[in-house]
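By convention in this document, chain letters (A, B, ...) are assigned in the order of the sequence lines, proteins followed by strands, and residues within each chain are numbered from 1.
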There are 2 protein chains.
Amino acid sequence: MKKSNLYKGSLTTIILKLLNENDKMYGYEITQKVKELTKGELKITEGALYPSLHKLESEGYLDVEVLKVDNRMRKYYKLTETGTKETANKLNELEQYIATMRTLVNPKFRMG
Amino acid sequence: MKKSNLYKGSLTTIILKLLNENDKMYGYEITQKVKELTKGELKITEGALYPSLHKLESEGYLDVEVLKVDNRMRKYYKLTETGTKETANKLNELEQYIATMRTLVNPKFRMG
DNA sequence: TTCTTATACATAATTTATTTATGTATAAGA
DNA sequence: TCTTATACATAAATAAATTATGTATAAGAA
């Protein structure tokens, strides 16, 4: 999704968190929201997004509802109960990742 | 290297930064240093480390010096000039990544 | 003395998340 | 009419890791 490959592995966290904040969203909406929030810094690609949504659904983290709006299909996703728990896990993992990287990279943030 | 797959893409940043701080290090030393600094949180595997070191060397970011210490081989790596520049780039990318993720995940840290 | 653990390198096979490249289809605007 | 935006989808290729091996020396425990 970007020149930096640090984003690899972050997509599910992003999707889950957005759905946690917005109750229900459809795929295209997610791409636009991410672009908007990051002021174009991060653009998630459809080739990554849709398979990821399908996976999250198959794992039971998301429920789907298909609607037709203005004659165009929209697949709305929302968190299940386990999906909400998984969101918390993923956010913890992100904070842990950031803390760990800071200890390695920034002497001011030493662990312990 | 860990249960969380957020670390994918961070290994080169970690290696470069450690070499930037410690002038010269050998592979095994890097694995131990990371384990120590993160109090066991992050263990980099040899299957990831050695190919990564070879790649950084082939890209001209690292110079190698092979020494024999206590009858055991050690390959000491150190940053080249372009390697030092690349370290700065990677660290900037990491800070940018963290800032971007915070805007997506933490409303307090909105961008702009 | 033998077995295990630590040190120190290496690589091949597999897995997984992504990018890149397509594809379909409708609506809006130039 | 042509392009851009909306909205989905998937297949092939790429890249970075994990997992599983392999070699070899040294130290320490049983």
Side-chain angles (χ1 to χ4, degrees), chain A residues 1-16 24-36 40 42-59 61-62 64-77 90 93-94 97 100-101, chain B residues 1-16 24-36 40 42-59 61-62 64-77 90 93-94 97 100-101:
Chain A
M1 24 181 160
K2 265 251 328 184
K3 47 269 167 194
S4 155
N5 46 345
L6 291 174
Y7 291 95
K8 208 159 283 192
S10 320
L11 182 55
T12 29
T13 308
I14 294 170
I15 293 172
L16 291 175
K24 93 184 159 140
M25 296 180 89
Y26 56 100
Y28 187 75
E29 189 184 7
I30 293 174
T31 67
Q32 299 307 301
K33 196 72 179 172
V34 169
K35 215 194 291 182
E36 178 208 322
L42 183 60
K43 286 167 191 156
I44 69 178
T45 62
E46 295 168 298
L49 178 68
Y50 291 114
S52 188
L53 286 170
H54 301 159
K55 182 157 182 273
L56 287 168
E57 188 201 345
S58 81
E59 289 167 332
Y61 297 136
L62 301 184
V64 199
E65 188 194 356
V66 181
L67 291 184
K68 204 145 192 184
V69 180
D70 291 331
N71 208 33
R72 268 198 241 91
M73 183 187 35
R74 284 185 188 171
K75 290 180 80 172
Y76 278 94
Y77 291 91
K90 288 292 182 185
E93 274 181 15
L94 178 61
Y97 167 80
T100 300
M101 287 304 285
Chain B
M1 24 181 160
K2 265 250 328 182
K3 47 270 168 194
S4 155
N5 46 346
L6 291 173
Y7 291 94
K8 207 161 282 193
S10 320
L11 183 56
T12 30
T13 308
I14 294 168
I15 294 172
L16 290 175
K24 94 185 161 149
M25 296 180 89
Y26 56 100
Y28 187 76
E29 189 184 7
I30 292 174
T31 67
Q32 299 308 301
K33 194 72 180 172
V34 168
K35 214 194 290 181
E36 178 207 322
L42 183 59
K43 285 167 192 156
I44 70 179
T45 60
E46 295 168 298
L49 178 69
Y50 292 114
S52 189
L53 286 171
H54 299 161
K55 183 158 181 271
L56 287 168
E57 188 200 346
S58 80
E59 289 167 332
Y61 297 137
L62 301 184
V64 199
E65 188 193 358
V66 182
L67 291 186
K68 205 141 194 189
V69 180
D70 291 329
N71 207 34
R72 270 199 239 87
M73 184 187 34
R74 283 184 187 171
K75 290 180 78 172
Y76 278 95
Y77 292 91
K90 289 291 182 187
E93 274 180 16
L94 177 62
Y97 166 82
T100 300
M101 288 304 286

Look at [X] and [N] and indicate whether a side-chain polar atom (N or O) is within less than 4.0 Å of OP1 or OP2.
X     : N      : result
A:H54 : D:dT10 : yes
B:R72 : C:dA8  : yes
A:N5  : D:dA16 : yes

Write down the partner of [N] under the Watson-Crick or G-U wobble criteria, each distance required to be under 3.5 Å.
N      : value
C:dT15 : D:dA16
D:dT25 : C:dA6
D:dT1  : C:dA30

Next on the checklist: ring pair (Phe, Tyr, Trp, His ring centres under 6.0 Å), that's the test. Do B:Y7 and A:Y97 meet it? Break it down for me.
Outcome noted: CA-CA 7 Å; B:Y7 291 94; A:Y97 167 80; 4.9 Å; yes

What nucleic acid atoms does [X] come within less than 4.0 Å of, heavy atoms only: base, sugar-phosphate, or nothing?
X     : result
B:G47 : base
A:K55 : sugar-phosphate
A:E46 : base

Item to check | B:L53 side chain reached by B:I30 side chain, heavy atoms, under 4.5 Å | outcome: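 Sidechains of B:L53 and B:I30: in contact.
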
By nearest atom, which of the nucleotides [options] is closest to the [X] side chain?
X     : options               : answer
A:Y26 : C:dT7, D:dA17, D:dC8  : D:dC8
A:P51 : D:dA5, D:dA17, D:dT10 : D:dT10
A:Y50 : D:dC8, D:dT19, C:dA10 : D:dC8
B:N71 : D:dA26, C:dA10, D:dT6 : D:dA26
A:Y28 : D:dA15, D:dA5, D:dA9  : D:dA5

Length of the line joining [X]:[atom1] and [N]:[atom2], which is rounded to integer Å:
X     : N      : atom1 : atom2 : result
B:K75 : D:dT23 : NZ    : P     : 19 Å
A:L53 : C:dA17 : CG    : P     : 14 Å
B:L67 : C:dT7  : CG    : P     : 18 Å
B:I44 : C:dA10 : CD1   : P     : 13 Å
A:I30 : D:dC8  : CD1   : C1'   : 13 Å
B:L6  : C:dA17 : CG    : C1'   : 12 Å
B:L49 : C:dA8  : CG    : P     : 13 Å
A:R74 : D:dA7  : CZ    : P     : 4 Å

Item to check | Sidechain-backbone polar pair: B:Q32 side chain, B:E29 backbone, donor-acceptor under 3.5 Å | outcome: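 Between the backbone of B:E29 and the side chain of B:Q32 there is no qualifying donor-acceptor contact (under 3.5 Å).
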
Checklist entry - Taking for each residue the nucleotide of DNA chain C bearing the nearest heavy atom, is the 5' side occupied by B:A48 or by B:V69? => result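 Checking each residue's closest nucleotide, the 5'-ward one belongs to B:V69.
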
Checklist entry - Between B:L11 and B:A48, what is the shortest heavy-atom contact and its length? => result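 Taking every non-hydrogen atom into account, CD2-O, 3.6 Å.
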
Item to check | Closest non-hydrogen atom pair, B:M101 against A:S10 | outcome: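 That closest heavy-atom pairing would be CE-CB, 3.7 Å.
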
Checklist entry - Given the rule in the side chain to side chain contact (heavy atoms under 4.5 Å, CB included) test, do A:K55 and A:T12 qualify, once you have shown the distances and angles that lead to the verdict? => result CA-CA 10 Å; A:K55 182 157 182 273; A:T12 29; over 6 Å; no

